[in-house]
Structure formats: structure tokens, C-alpha cells
Amino acid sequence: MELDRIAAKADRGERLTREDALALYHTPDLFALAELADAANQRRNGLRVTFNVNRHLNPTNLCVNHGSCRFCSFSAGLGDPEGYTMTREEILAAVADLEHTGATEVHVVGGLHPRKGYDWYLGIVRDLKAAHPRAHIKAWTAVEIDHFTRLTGRSAAAVLAELREAGLGSLPGGGAEIFAEDVRAELCGKKAFSDRWLEIHAAAHGLGIPSNATMLYGHIESLAHRVDHMARLRELQDRTGGFQAFVPLAYHPAHNPLPVSEPTTGLDDLRTLAVARLFLDNFRHLKTYWIMVGEKLSQVALHFGANDIDGTVVRERITHEAGATTPEHLPQEELVRLIRRAGRVPVERNTLYEELRTWV
Ligand code: V47
Ligand code: SF4
């Protein structure tokens, strides 16, 4: 049987093909798929499940691509009443109690502001680092980095090196969406092309800046498009080894122009994680983002190949503007409880996956 053949390959540590990944997506035996993904995860990470104590910050929602990224419910155009741009003081005030809450990371992403120059973005990193020297600043997606290269006429490597100098520690994985060019053209025609997204992450890895990778799924793409997306990531990871984690992002359909009205189902969310664990054999960490799939499903995801839960977060706009009904914050104790009750060992980590505390 197809699944047995793929299981034997996975057991031997043999790389799965795109066809194998599609067969896994189509298998009716969800529990056998879960077992395979869980075994692959446990070979890599044992029973340990990591989380981090972090804070999300979205300094502006104004974006030159407003309206053209049709899945985005977060952005606004100049003059829109719901548009906002935080001042330097507001940004610092939003994270003023960072150390007090035990947070070790600030995750910073936002819109491509129509009026602000690169110095504004660079200054945010510099200010955050100066105010919180021990915190890890994970900032700006490849889409933002691409925007900075256009604003400055400089290379991605030059911009990244300067940002690192200012205090940037790593890149988040956003902006990847779906790499297949035809889907991307329909989803977000104006935004950095797939090759450019990959090129910018390669440039970061070349400088020793680690990054994450995401995939926005559950909209107009096919399962083959998802597998193609993961295949391109696997290929880059073979070359650089610079990706820390893969984070599938479940599409949320409210308040945006994309003509897709249904959210993803729990089974699709779980299947996507399991296929990712088996197909992305060179990614050590697979993150379930509870903000998008819910706390309870994230707990179940720990038996479908995920070994990492993001995070305490505190305030989240991108998914909540698109209709998410999850809270915006989970206290650390709740993450520990969810992991423990899943029969796993909770471990607090920092952004670089160094272990800070274990709950035995
Ligand atoms: O880039 C936008 C996506 C991303 C919607 O790197 C949407 O550790 C669902 O990248 N429905 C931002 N998703 C979030 C992100 C992320 C989150 C957690 C951890 C990490 C990490 C990265 O959210 C955007 C875009 O791909 N997004 N609109 C929507 N309607
Ligand atoms: Fe702007 Fe990012 Fe939203 Fe696109 S997805 S409109 S680039 S904020």
C-alpha cells in the first residue's frame, strides 16, 4: 500500500518526493499519517516541545501594497481612518515592560509605509535594541527587506548587514505566501517575487542571520502548489541550512478582497503540519501558530509532527483583522499546561532555540 511504501522510506531516512508528499496529503488514514510524522519528529526532537516568551509589534499598517495583496486584512492606505503609524515613543512604550514579563524576543513586522524611508525602519531596530539590549529583535520579512533595497538602491546583503549592526538578530518567515508564480500573481501581484523572497533569505543566511519560513495555505492554491512551495524551501535549506523553523499559516478569510469565504479545517491544518514534518526533512523545527489554528488544535498538532508552539505574543493584528477568534495572548503557564497535558516536556527557548528552562 502507498502509505506503507512511504512509511518505509521515512523510516530509512530516505527523502520523500513531491509525489510522496501529495500521496500523504491524500491518504484517508489520518492517524497513520500522524504516527509517521510524530515518529519523524521524535527521532529529531524527542518528547521536548519548545515555546518562547515573545511580543509581537506591528509599527504601521499603512502599506503601498494595500489592496494588491488580496488576502491581507491588516493593511490600510494613506487617508484610511483605520490606518496607523506608531511614533517612536509609542513603539518603546508598547514593549516597555518586556523584561518584566520575561519576554526574550520582539517580533516586528508591518506594512511598507508609503512615506517613511528606510531610516525609519532601521531606527526602530536601533531604538528597540538600545532600550532592550538583552532581547532578540526578530524583524522585517523578506518583503520589507526587498522594499528597503528599492528605497536605498543597495543590495539585500548590504541592508541586512546594516540592520544586524543596529541590533537585528533574525528574520521572521512572513511574506512567503505561496511561491507558485501563477497563484502568487493572483494573490499579491505587486509583492516581491518568489525567487526574490528566497534570494533575500539566502543573503541573510550567507551573513549568518537565521530566518524562518512560512506558507499561507487554504485559499486559492492546490495541494500541489503547497508541495511545490515546500520543495523550494527544502532546496534552499539544502544549500544554506539557515532556516530555523517552518511555520504553516492557516488562511483567515474575513475583511479582505480575496473571493474565498471558508477558513481552513482542523484536519487540513493537522495534515499540513504532518506532511511538512515528513517532507521538510532538513527543517528541525516545525511550529504550530496557535493564534491561527487555536490553542486546542495546537496541542493536538504536537502529535502530528510539530515540536514548537509560538509563543506568548500579547498583541496580534494581522490574523485578528482577518477574523481570528483566538485570544491575542497566552500566558506562559498556559503554554506549559497545553504541552504537558499532551504528554510532552515543555521547554522555554530563546529565538535561536537555545533551551532556557525545562519543566520536568
Ligand atoms: O506575512 C496575512 C500572513 C504573515 C493573512 O517567523 C495571513 O516565526 C492568514 O509571518 N490569514 C505574518 N495569514 C505572520 C507571520 C509569522 C507568524 C508567526 C511566526 C512567524 C515566524 C511568522 O501572515 C504574513 C502573511 O503571510 N497573513 N494575511 C490572513 N488573512
Ligand atoms: Fe502590505 Fe504585507 Fe499586507 Fe501585502 S501582506 S498589503 S505587503 S502588509
Side-chain angles (χ1 to χ4, degrees), residues 50-52 54-77 80 83-84 105-114 136 138-147 169-179 184 187-192 197 201 204 210-221 229 233 243-258 260-264 269 283 285-293 298 308-313 316-324 326 328 349 351-353:
T50 47
F51 67 91
N52 72 342
N54 66 351
R55 185 70 70 93
H56 282 211
L57 183 71
N58 308 124
T60 184
N61 66 347
L62 292 180
C63 188
V64 296
N65 288 341
H66 175 61
S68 124
C69 296
R70 298 202 298 154
F71 58 83
C72 179
S73 317
F74 162 74
S75 69
D80 283 357
Y84 73 84
E105 168 190 294
V106 194
H107 173 147
V108 196
V109 295
L112 311 179
H113 196 289
H136 181 105
K138 177 171 124 200
W140 316 132
T141 67
V143 176
E144 284 157 316
I145 304 293
D146 176 63
H147 182 61
S170 64
L171 298 187
E177 323 315 359
I178 283 283
F179 290 142
R184 204 176 175 86
L187 269 187
C188 52
K190 270 170 70 182
K191 203 151 88 173
W197 189 99
H201 280 260
S211 70
N212 289 338
T214 60
M215 172 177 76
L216 180 67
Y217 67 95
H219 40 88
I220 57 170
E221 89 291 2
H229 186 94
L233 290 173
F243 287 119
Q244 299 204 104
F246 179 62
V247 199
L249 302 175
Y251 174 64
H252 280 57
H255 312 130
N256 66 53
L258 199 67
V260 173
S261 56
E262 283 190 24
T264 62
D269 296 332
F283 277 67
H285 304 292
L286 177 61
K287 192 186 280 197
T288 169
Y289 188 36
W290 63 265
I291 287 268
M292 290 193 181
V293 299
S298 272
D308 190 40
I309 301 193
D310 193 349
T312 53
V313 180
E316 200 281 338
R317 294 321 313 154
I318 296 172
T319 326
H320 284 82
E321 295 294 351
T326 48
E328 290 187 51
R349 62 161 176 90
T351 313
L352 303 176
Y353 285 82

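Counting starts at 1 for both ligands and their atoms, in listed order. Here the structure is a predicted model, which means the values were calculated and not measured.
By the 3.5 Å distance cut-off applied to N or O atoms, V247 is not counted among the residues near ligand 1. Looking at ligand 1, you won't find any N or O of T141 less than 3.5 Å from one of its N or O atoms. Taking distance alone, with nitrogen or oxygen atoms compared against 3.5 Å, F71 approaches ligand 1 more closely than that limit. At under 3.5 Å, not a single nitrogen or oxygen of Y289, backbone or side chain, sits near a nitrogen or oxygen of ligand 1. Considering both main-chain and side-chain atoms, H56 never comes within under 3.5 Å of ligand 1 through any nitrogen or oxygen pair. Any N or O atom pair closer than 3.5 Å counts here, and K287 shares at least one such pair with ligand 1.
The closest donor-acceptor contact from the side chain of H252 to the backbone of A250 lies under 3.5 Å. A donor-acceptor pair under 3.5 Å links the side-chain atoms of N256 to the main chain of L258, judged by distance alone. At least one donor-acceptor pair closer than 3.5 Å links the side chain of Q244 to the backbone N or O of T351.
To the nearest 0.5 Å, atoms OG1 (T50) and CG (D310) are separated by 10.0 Å. Rounding to the nearest 0.5 Å places CG of L187 at 7.5 Å from CD1 of I178. In this structure, NZ in K138 is found 4.0 Å from CD in E105, a value given to the nearest 0.5 Å.
Under the 30°/60° scheme for interplanar angles, the aromatic rings of F283 and F246 are found to stand perpendicular. Classified by interplanar angle (parallel below 30°, tilted 30° to 60°, perpendicular above 60°), the ring pair H219/Y251 is perpendicular.
Side-chain contact check for D80 and N61: no donor-acceptor pair (N or O, by modelled atom type) lies under 3.5 Å. In the model, H136 has a side-chain atom that pairs as donor or acceptor with a side-chain atom of S170 under 3.5 Å. Remark: the S211 side chain and the H201 side chain contain an N/O donor-acceptor pair separated by less than 3.5 Å. A donor atom on one side chain and an acceptor atom on the other are not found under 3.5 Å apart for N58 and Y84. Remark: the H66 side chain and the S75 side chain contain an N/O donor-acceptor pair separated by less than 3.5 Å. Donor-acceptor pairing under 3.5 Å is lacking for the side chains of Y353 and N52.
If you check which protein heavy atom lies closest to atom 19 (C) of ligand 1, you get D310 OD2, 3.2 Å. Nearest protein neighbour of atom 16 (C) of ligand 1, counting heavy atoms only, is H107 CE1, 3.9 Å. For atom 25 (C) of ligand 1, the closest non-hydrogen atom of the protein is E177 OE1, 3.5 Å. Among all protein heavy atoms, the one lying closest to atom 5 (S) of ligand 2 is K191 NZ, 3.4 Å.
Within the structure, ligand 1 lacks A245 among the residues with a heavy atom less than 4.0 angstrom away. Assignment of E321 to the shell around ligand 1 is not supported, since no heavy atom sits closer than 4.0 Å.
Salt-bridge check for K191 with D146: failed, with every basic side-chain N at 4.0 Å or more from each acidic carboxylate O.
Around atom 3 (Fe) of ligand 2, protein N, O or S atoms at a distance under 2.8 Å total 1; waters are neither shown nor counted.
When each atom of ligand 1 is checked for a heavy atom of G174 under 4.0 Å away, the hits are 1 (O), 10 (O). Close approach to P172 involves these atoms of ligand 1, each under 4.0 Å from a residue heavy atom: 6 (O). Proximity to G175 (heavy-atom distance under 4.0 Å) selects the following atoms of ligand 1: 1 (O), 26 (O).
When the heavy-atom distances from atom 7 (C) of ligand 1 to T351, L249, L216, N212 are ranked, the shortest goes to L216.
Proximity of A322 to ligand 1, defined as any heavy-atom pair under 4.0 Å, is confined to the side chain (atoms from C-beta onward). Contact annotation: for A250 versus ligand 1, heavy atoms closer than 4.0 Å belong to the backbone alone.
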